[in-house]
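Notes to accompany the following structure.
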Amino acid sequence: MTIKRVFEEAKKLLEEAGYPGARIGIPKSPEFGEAYSSLPFEMASKANENPMSIAEKIVSKIKKSRLIDTVEIAPPGYLNFRVNWPFFASLTINEVLEHGRQYAFSNVGKGEHILIEHTSVNPNKALHVGHARNVCIGDLLARLYSKTGHSVTVLNYIDDSGAQMAELLLGFLELGYSEEPPPGMRFDEYCGDIVYIEVNRRAERDPEIDNKRREIARQIEMHGSEAFRKARAIADRVLRDQLQTCARLGARYDILCRESDVITFNLWDEAFRRLKDSGVLYLANEGAKKGCWCIDLSGHEVLSKEGDEVLVKSDGGTTYVARDIGFAIWKLGESSTDFKYSVWGKNPDGSDILITDLNGERKFEKGHPKIVINVIDSRQKRPQAIIKYALSKMGIDPGRYIHFSYEPVTLSSRSAKLLGMGTDAKQVHMSGRKGIYFKVDEILDRLREIALTETVKRHPEWDEEKLKYVSEAIAVASLRYSLLKADTDKMVVFDIEESSRIEGDTGPYILYSVARAYRIMEKASNAKIVIDTRPPNNLEASEKELIRAIAHLPLIVEETLESLMIKKLVTHSRQLAMRFNDFYESCPVIVSGELAGFRLALVKSYIESQIGLMDVIGLPILKEM
RNA sequence: GGGCCCGUAGCUCAGCAUGGACAGAGCGCCGGCCUUCUAAGUCGGAGGUCGAGGGUUCGAGUCCCUCCGGGCCCGCCA
């Protein structure tokens, strides 16, 4: 908490001088010290006095401390606080070395339960780059909460009973598609790239096929039917492949919830009763929605402008929003029933992945989550808002239900053209139906090839296994970084050429700086240099900057937990790497004589703070590359 | 028609939540740095009406309003 400590100290000094409650900020440039206050400006406008003279008055009353030994006035009236660098450096480095990669991640969660739902890709196709954004965001949140002491459950919702399954079934059962993919092709790719697309194309032209599709869609809904059983089996098979891709991206899961089970558990019935009791539900007697149970949205500031939402169709079936309301109650730990599970598989870290199963033997305690985070793209803001409104009407705090919204990934027109889609637009939306998308695995494979070429150049002596391991890590780092550094409020325009870079502002930049740091550790060890946390009196500018960046990390983590602006973590990771590279250029370690021990401590501090952050972002760590 | 998001260098984007000191990176372009720890790096140069206008303020890229441009959502689909 070192930079926070500087802020608190500055605040305290001002308070002791008779100016309580001042706001302290981070100066833009190191020349302005480590903390600043614009208090003189605020006072000047009230007192009708010159900020500079007020600043002088304040400074004359401030007593210095061991941590802050200089307070300066800078025109036109800033107060700049400077730390006692040797003391500050030693505090920071000792704190990092004491906590290791847990530095900056305090146990604020205290075991509180958090449930995070992400991925939730329909089980009829391989993941494309748009899905990858969801996976990476959700996984980062899960990592962040885990690392800060929360008890996290990661949930993946498997819609195995929706209309999109009907296309596959139609292909396999009626149109003669083999259930075995061509050699060398994964089942999920086969389903998404061939069966799904071709069946769709045929259904568009042939009303007969379209009718059959509708018929199968109806049958899938019937629990225990042949179509139901078949849909489940195919979904399970696709899911195997999909989760392999997710594992490749570094994501892990605790429970998989099948929509077919959610329906069977009748979570909706409970929600229906509670909504009806609250009086927000009504049966439409006339108009276009005659015979439907609708939720009355007139009490909602925004939703009221767009009309009420149907929850139960006139044929008695539930809509997606209704089922999601029921599921939300369960996720929040507010329902009276719970699922049973069986073991579905294992995460790369060895933990079990459970799947809902009516006859399952396993229980899973997700607890009563403090918050439930649903990672879903921004196009679902309206239905998600309706769910929150419904929760509030049932007496459940809607603040506990968070729709973590992000803008979708689109394709640059250059990349869309590569996929055979002519367009004049700057970017186009991906479409599984039309085959306009890049699959996650093909992107990773491409990145891995590029990384491999570079790695072989540098390390011709490495064996194949090592080369593969390193280039895979670089590929994953590259993709994760590019999807996570973007503001979640901004569309990611994916361009296959652009994202094939592994230089500049990319994931490998971070990995490379760490690999260099590890090399210094190794050489220092050979040279028998021992870590010494006592700083010299005169620190180099690049040393100070590196220490500053390290000292800021706890504040960044705290702010991210508060605001959930996850890109802050990514931006700071790059910031740290840049500061380290500056240091690397200007401050040699091994040959620096008396300074070697301290500089080595600084290198070690960089490694610990950076890899701690990389743990959360999900960037793989390489000691050599 | 109603609602949400975006608009900063040729391109891709930080910075905006919590207003403050010269608006920062990367890519691309031009020119340097490998007989001191990995050049996937680094240094320098060129490149900006922060979409437009108004308002609040001592001070606005940041807050408020209007407008313009782009994207998305508003189904008895999920």
Side-chain angles (χ1 to χ4, degrees), chain A residues 23 25 27-29 31-32 36 38 41-42 44-45 48 51 74-78 80 122 159 161-164 217 259 284 288-294 302-307 309-321 323-324 377-383 385 405 407-408 410 412 425-427 429 451 454-455 457-459 474 482 485-493 495 498 501-506 508-509 511-513 515-524 527 559 562-563 565 567 571 574-575 578 581-582 584-592 599 603 624-625:
Chain A
R23 290 250 310 280
K28 282 197 170 168
S29 152
E31 63 179 300
F32 305 128
Y36 85 93
S38 51
F41 295 108
E42 290 158 32
S45 56
N48 199 19
Y78 294 97
N80 291 335
N122 286 340
D159 186 355
S161 66
Q164 77 288 339
E259 166 137 306
K289 291 171 182 170
K290 187 176 179 188
C292 299
W293 283 95
C294 302
V302 178
L303 295 171
S304 57
K305 296 176 181 173
E306 294 179 355
E309 185 81 4
V310 172
L311 296 185
V312 181
K313 301 185 270 188
S314 55
D315 67 3
T318 53
T319 61
Y320 146 78
V321 177
R323 290 198 290 274
D324 233 13
D377 84 43
S378 64
R379 289 173 293 196
Q380 292 199 35
K381 270 190 176 172
R382 180 183 148 82
S405 167
E407 292 288 318
T410 62
S412 70
K426 269 191 89 176
Q427 101 285 318
H429 281 268
E454 293 301 312
T455 312
K457 262 191 239 166
R458 290 165 175 79
H459 307 283
I474 292 169
S482 68
K485 75 168 178 174
D487 191 323
T488 48
D489 279 342
K490 281 180 179 154
M491 268 187 324
V492 169
V493 180
D495 184 86
E498 175 68 18
R501 285 192 304 109
I502 54 174
E503 287 171 11
D505 184 9
T506 67
Y509 180 90
L511 269 58
Y512 186 62
S513 73
R516 285 170 133 193
Y518 272 115
R519 173 52 69 92
I520 296 175
M521 297 301 295
E522 185 192 326
K523 296 234 163 164
E559 284 176 356
E562 228 167 76
S563 65
M565 280 180 146
K567 70 172 170 193
T571 307
R574 175 167 163 79
Q575 196 65 225
M578 286 195 296
N581 279 341
D582 283 348
Y584 185 93
E585 293 294 326
S586 58
C587 296
V589 176
I590 311 298
V591 296
S592 60
R599 287 185 174 169
V603 172
E624 295 175 273
M625 66 182 274

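Lettering of chains follows the sequences in order, A, B, ..., and the numbering in each one begins at 1. All values below come from the heavy atoms of this structure, side chains included, with hydrogens, waters and symmetry mates left out.
Distances shorter than 4.0 Å separate some side-chain N or O of A/Lys313 from OP1 or OP2 on B/C77. Put simply, A/Arg379 has no side-chain N or O that comes within less than 4.0 Å of OP1 or OP2 on B/C4. Put simply, A/Lys381 has no side-chain N or O that comes within less than 4.0 Å of OP1 or OP2 on B/C73. Neither OP1 nor OP2 of B/C6 sits under 4.0 Å from any side-chain N or O of A/Lys426.
Atom CZ in A/Phe41 sits about 9 Å away from atom P in B/A21, given to the nearest Å.
By the 4.0 Å N-to-carboxylate-O rule, A/Glu309 lies close enough to A/Arg382 to be salt-bridged with it.
Along RNA chain B, the nucleotide closest to A/Cys292 and the one closest to A/Pro508 are compared, and the more 5′ of them pairs with A/Pro508.
Put simply, the side chain of A/Asn581 and the base of B/A39 share no donor and acceptor less than 3.5 Å apart. Checked by distance alone, A/Thr319 brings no side-chain donor or acceptor within 3.5 Å of a matching partner on the base of B/C76.
Within the nucleic acid shown, A/Tyr584 comes within 4.0 Å of at least one base atom, counting heavy atoms only. Across all strands, A/Val589 comes closer than 4.0 Å to base atoms (heavy-atom distances).
B/A21 has its base stacked against the ring of A/Tyr78, the centroids being under 5.5 angstrom apart at an interplanar angle below 30°.
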